[in-house]
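First up is the structure itself, then whatever we jot down about it.
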Amino acid sequence: MLKDLTTNHKLLGLNCAQLVKYLGNPDHEEANLISYRIAVDYGNDIDPVYSKDLTFFYSKDSVITSFKIEEWKN
């Protein structure tokens, strides 16, 4: 589903409001980025051992300029 979203849908050029309307509320927001949590694995503990996020970067005028998929493993 993530691959389909990033390859078959025009996400670059949308403004932030359009992206949120399309994908829902983000899990994390900062000055020039919004991020959606795709997956998290806690293993056998309360601390995560793996996570995957889709992060969008936007310009001063709130237009999506790029995105990246970030994976973290402990």
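The structure displayed is predicted, hence computed values, not measured ones.
Contact between L11 and L5 at its shortest, heavy atoms only, is CD1-O, 3.7 Å. Closest approach of P26 and S35 over heavy atoms only: CB-O, 3.5 Å.
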Working for side-chain contact (heavy atoms from CB on, under 4.5 Å), residues N8 and K3: CA-CA 8 Å; N8 297 324; K3 183 174 174 91; over 6 Å; no
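Listed by first and then second residue, the salt bridge (charged side-chain N to carboxylate O under 4.0 Å, His left out) pairs that reach into residues 39-68 are R37-D53, K68-E70, sequence neighbours excluded. Applying the salt bridge (charged side-chain N to carboxylate O under 4.0 Å, His left out) rule to pairs touching residues 14-29 yields nothing, sequence neighbours excluded. Legend: ring-ring contact (aromatic ring centres under 6.0 Å, His included) pairs involving residues 36-71, not counting sequence neighbours, sorted by first then second residue: F56-F67.
Under a hydrophobic-cluster definition in which Ile, Leu, Val, Met, Phe, Trp and Tyr are linked whenever side-chain heavy atoms come within less than 4.5 Å, directly or via other members, I69 and I64 are assigned to the same cluster. Note on V40 and I38: separate hydrophobic clusters, where clusters join Ile, Leu, Val, Met, Phe, Trp and Tyr whose side-chain heavy atoms are under 4.5 Å apart, directly or indirectly. Grouping the Ile, Leu, Val, Met, Phe, Trp and Tyr side chains by contacts below 4.5 angstrom, directly or via other members, places V20 with L2.
Checked options L33, T55, I34; the residue passing with H28 is L33 (criterion: side chain to side chain contact (heavy atoms under 4.5 Å, CB included)).
A heavy-atom distance below 4.5 Å is not found between the side chains of N74 and P48.
Taking OG of S62 as the reference point, atom CG of L14 lies at 12.0 Å (rounded to 0.5 Å).
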